[in-house]
Each structure stands twice: as C-alpha cells, then as structure tokens.
Amino acid sequence: MELQAIIEKRQSIRHYLEGGIPDADLEDIIKAAATAPSGKNTQNWHFIAIKNRKVIQRIADAISEKNESICLEMDKVDKEKADRFRKFCKNFTVFWRDTAPAIILTMATVYVPSGYNEYKLIGAEQELLLDLMGYRNPGMQSVGAACENLTLKAIDLGYGTCWLTSANYAAAEIEQILKEEIGFEKDGYFFVNMFAIGLPQANQKSPAKKALEEVYTLVK
Ligand SMILES: Cc1cc2nc3c(=O)[nH]c(=O)nc-3n(C[C@H](O)[C@H](O)[C@H](O)COP(=O)(O)O)c2cc1C
C-alpha cells in the first residue's frame, strides 16, 4: 500500500474479525518496528508478541484485578470516578481479551540523554535532570518511533492495532507474568506499552484531529 494511504487508514482498532495472524506477519511487523531510528542507535526496545490464549487471559486478568484494587480504594473517596475508571478499563484497557488474536508488548530500557551525566557531574538541580530524562524523554521518543512503524506495517499487511498505555498501572504484574510464563528477563528492560492486533472490523470510529493551523507553525 502507498505510504499516504496507510497513514490515512491508520486508526485505533478495538474490534476484530475472526482470524489469526501468521508468525511470518508478526515477524515482518516487528522487523519494521526495529528499523526505526533511536537516540544514539540504542534500539532500546524488545517486542513480545503473544498468541497464546492462556497467557493473554492471564495478562488481562492481572490488569482487571489491579484496576479493581485501585477502584475499591477510589470507592471510598469518589464512587462515581471509581465506576468511570472500571468502565474505562473494560472498554479501553482489556477490550482485546477474548477478541484479539495477538497482543504485542513493548519492553524498553532507559536511555540517558546527552547532557544528563554532564549536568549531574556539575551538581545540577534534580528538576533539570528530570526535565531532560523525564519530560523530554528521548528514550521513549525512540520507542514511539518504533511503535509507529509497527502500527503502519500492521496496516500494510491488512491488520489493525490499538496502542495501549492504560495498562501501565499493572506493569509490575505484567512483568511478573512474562517472567513466569515465558521466562522473559532481560536486564534493564521494563514494560512500557502494548498493542492489540487483529483483522479490523469495518466502520470503526475515530475522534477528529486538530486543524493543521493549531498544530503547525511555518517560519519563512
Ligand atoms: C501512547 C498512546 C497510548 C494509548 N493508550 C490507549 C489505551 O490505553 N487504550 C485505548 O483504547 N486506546 C489508546 N490509545 C489510542 C488513542 O486513544 C487514539 O490514538 C486516539 O484516541 C486517536 O484515535 P485514532 O487512533 O483512531 O486516530 C493510545 C494511543 C497512544 C498513541
């Protein structure tokens, strides 16, 4: 497919048709992700594609349980907000549990940006260090580039994905499951996001994008 057509076709897909994903397609998708640029070419990512229903269910259960444990505490403070968070979890965090033929988990390492160690050496304030590492976070920018490649290649092969960070509050539980189920332990790597992937159902809605003049400034 032409790049422009793929870009225009991209939308978050949360409803899937029946049908699996051949391993070869997953491999092509991850190859595309891993071709992305990264700060100092660190390639600070590792992708885990999971087709095994038992492992997918275990991850979904862990997220739902974590959500409920947070909601039970929220109930004591604001029942309405707790119920909203429960609903959000069902519709936007674990919607894929029975329908997506695969999920892809992105693991990443911390990238120490230029200036960070130098600032540290000269005793810079914590706020400055947080500014470089946290707010501007080049490491996550690299992972974002890889994830967009992943998304676009999936469309090229006829699939739809939904990029998810809303399960990140269950990161520790997910990492533990990865350790137990597949023995994934790669030094310094932590869970940063996941994708649900499958053959897209037609007519899925996406919110409107901002007008170009709101997000673009041209200086001539
Ligand atoms: C970093 C990131 C995190 C996201 N997290 C979630 C999520 O947890 N659950 C979900 O359903 N969608 C998630 N999305 C999808 C966005 O909601 C979606 O991209 C946005 O609403 C625009 O819709 P579109 O992708 O259809 O254009 C995420 C997207 C990005 C890029």
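In each ligand, atom 1 is the first atom listed, and ligand 1 is the first ligand listed.
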Looking at [atom], what's its closest protein heavy atom, distance included?
atom                    : value
atom 26 (O) of ligand 1 : Ser206 OG, 2.4 Å
atom 20 (C) of ligand 1 : Pro207 CG, 4.4 Å
atom 3 (C) of ligand 1  : Thr165 OG1, 3.2 Å
atom 9 (N) of ligand 1  : Phe92 O, 2.7 Å
atom 13 (C) of ligand 1 : Trp163 O, 2.9 Å
atom 15 (C) of ligand 1 : Ser12 OG, 3.4 Å
atom 8 (O) of ligand 1  : Ser166 OG, 2.5 Å
atom 17 (O) of ligand 1 : Arg14 NH2, 3.4 Å

Using a 4.5 Å cut-off on heavy atoms from C-beta on, say whether the side chain of [Y] contacts that of [X].
X      : Y      : answer
Cys147 : Phe195 : yes
Trp96  : Leu164 : yes
Tyr111 : Met140 : no

I'd like to check which ligand 1 atoms, numbered from 1 as shown, lie under 4.0 Å from a non-hydrogen atom of Lys209.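 Those qualifying, in numeric order: 22 (C), 23 (O), 24 (P), 27 (O).
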Residue-level breakdown please: for Cys162 versus ligand 1, do any non-hydrogen atoms fall below 4.0 Å on the side chain, on the backbone, on both, or on neither?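 Only the side chain of Cys162 comes within reach of ligand 1.
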Passes side chain to side chain contact (heavy atoms under 4.5 Å, CB included), Glu180 versus Arg58? Steps please. CA-CA 11 Å; Glu180 288 172 15; Arg58 226 190 127 184; 2.6 Å; yes
Do Asp98 and Gln57 have side-chain N/O donor and acceptor atoms under 3.5 Å apart?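 On atom types as modelled, these side chains qualify, holding a pair under 3.5 Å.
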Grouping I, L, V, M, F, W and Y whenever their side-chain heavy atoms are under 4.5 Å apart, do Tyr159 and Ile7 come out in a common cluster?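 In one cluster with Tyr159: Ile7, no.
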In this structure, would Leu129 and Leu132 fall into the same cluster of hydrophobic residues linked by side-chain contacts under 4.5 Å?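 Yes, Leu129 connects to Leu132 through the hydrophobic network.
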Enclosure of Lys186 NZ (heavy-atom neighbours >12, cutoff 6.0 Å):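 More than 12 heavy atoms, drawn from other residues, nucleotides or ligands, come within 6.0 Å of this atom.
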What do you reckon, does Arg10 put a non-hydrogen atom under 4.0 Å from ligand 1?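 Per 4.0 Å heavy-atom rule, Arg10 contacts ligand 1.
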